[in-house]
Amino acid sequence: QFHQEVQESVAEAARLEQQALCDAEQQQAHIAKQIKLIEAMTKLRGKRQVQLTEQLAKAGEQEEAARFLEEKELARQAKQRARIRDQLKSYKAEQARATAQQASLRAQQERFLAQAKQEQAKVNRERVGLREQ
């Protein structure tokens, strides 16, 4: 009887040991799956982080390009305004020259007219003088 109880105890211990080994293997397999899942998520997170970094870099480049184009456009507009100002100054100067020339021509015309009137008056006096004689 004692021998049978010892055998049953040994058999129970062996069964429990086998069950513990089985449980440990299942737990190891579960832990291995969790590790693989964590590694996959970490890898995915790393890729996503790289993508986000690349997107930020592209956005920065686009922003820089937009800023460059804006500065270029502002410079072009400033040059255009300066060119228009210069043209306006040139036009005003030309207008002033034309006005001065016009005034000079008017003065010359008035002198010629006055001279012609004097000549006419002289001719008229001479005619009157000849008639009286």
Side-chain angles (χ1 to χ4, degrees):
Q1 172 121 13
F2 176 74
H3 188 59
Q4 191 180 356
E5 286 178 14
V6 169
Q7 276 185 335
E8 285 175 6
S9 290
V10 168
E12 180 66 21
R15 191 186 63 74
L16 286 174
E17 186 179 348
Q18 187 63 36
Q19 183 66 39
L21 280 173
C22 233
D23 288 349
E25 285 175 1
Q26 284 180 345
Q27 202 171 14
Q28 273 184 329
H30 182 68
I31 289 171
K33 281 182 184 176
Q34 282 184 327
I35 288 173
K36 282 185 180 177
L37 185 65
I38 289 170
E39 286 174 347
M41 287 175 67
T42 303
K43 192 175 182 181
L44 198 64
R45 204 173 287 137
K47 283 183 181 178
R48 182 70 182 137
Q49 206 166 14
V50 167
Q51 284 177 335
L52 286 173
T53 304
E54 288 173 353
Q55 287 175 348
L56 285 173
K58 281 182 186 174
E61 288 170 6
Q62 289 172 345
E63 189 178 317
E64 188 66 32
R67 199 170 22 252
F68 173 75
L69 290 176
E70 186 179 348
E71 288 172 3
K72 194 173 179 180
E73 176 61 18
L74 288 174
R76 186 192 67 75
Q77 289 176 0
K79 283 181 184 176
Q80 188 176 18
R81 281 193 301 273
R83 198 170 35 254
I84 290 171
R85 262 194 312 273
D86 290 346
Q87 287 173 348
L88 187 60
K89 282 180 188 176
S90 181
Y91 169 75
K92 285 182 178 178
E94 187 60 38
Q95 197 175 24
R97 277 193 295 278
T99 303
Q101 189 176 14
Q102 201 174 22
S104 170
L105 288 174
R106 247 190 246 112
Q108 190 177 13
Q109 187 180 17
E110 287 173 11
R111 282 194 307 273
F112 286 146
L113 191 60
Q115 192 177 1
K117 282 181 181 176
Q118 286 176 350
E119 291 291 324
Q120 186 65 44
K122 183 179 175 184
V123 168
N124 286 345
R125 281 193 306 271
E126 288 176 359
R127 278 190 192 157
V128 168
L130 287 177
R131 263 191 243 142
E132 288 175 357
Q133 287 178 3

Any Glu73 side-chain heavy atom under 4.5 Å of Arg76 side chain: yes

Whether over 12 other heavy atoms sit under 6.0 Å from Glu12 CD: yes

Any Leu52 side-chain heavy atom under 4.5 Å of Gln55 side chain: yes

Ion pair check, Glu119 and Lys122, cut-off under 4.0 Å: no

Test item: side-chain donor near acceptor, Asp23 and Gln27, under 3.5 Å: no

Glu54 side, atom CD; Lys47 side, atom NZ - distance, nearest 0.5 Å: 12.0 Å

Side-chain heavy-atom pair Gln108, Leu105 within 4.5 angstrom cut-off: yes

Neighbour count >12 (heavy atoms, 6.0 Å) for atom CD, Gln18: no

Point-to-point distance, once rounded to the nearest 0.5 Å, from CG of Leu69 to CD of Gln62: 11.5 Å

Pairing of Arg67 and Glu64 as salt bridge, 4.0 angstrom limit: yes

Interatomic distance, Asn124 atom CG to Gln120 atom CD [nearest 0.5 angstrom]: 4.5 Å

Separation between OG of Ser9 and CD of Gln4, rounded to the nearest 0.5 Å: 10.5 Å

Gln49 CD to Leu44 CG distance, which is reported to the nearest 0.5 Å: 11.5 Å

Heavy-atom donor-acceptor pair, Thr99 side chain to Gln95 backbone, under 3.5 Å: yes

Exam field: side chain Ser90 to backbone Asp86, donor-acceptor pair closer than 3.5 Å: no

Exceeds 12 heavy-atom contacts within 6.0 angstrom, atom CD of Gln51: yes

Met41 side, atom CE; Leu37 side, atom CG - distance, nearest 0.5 Å: 6.0 Å

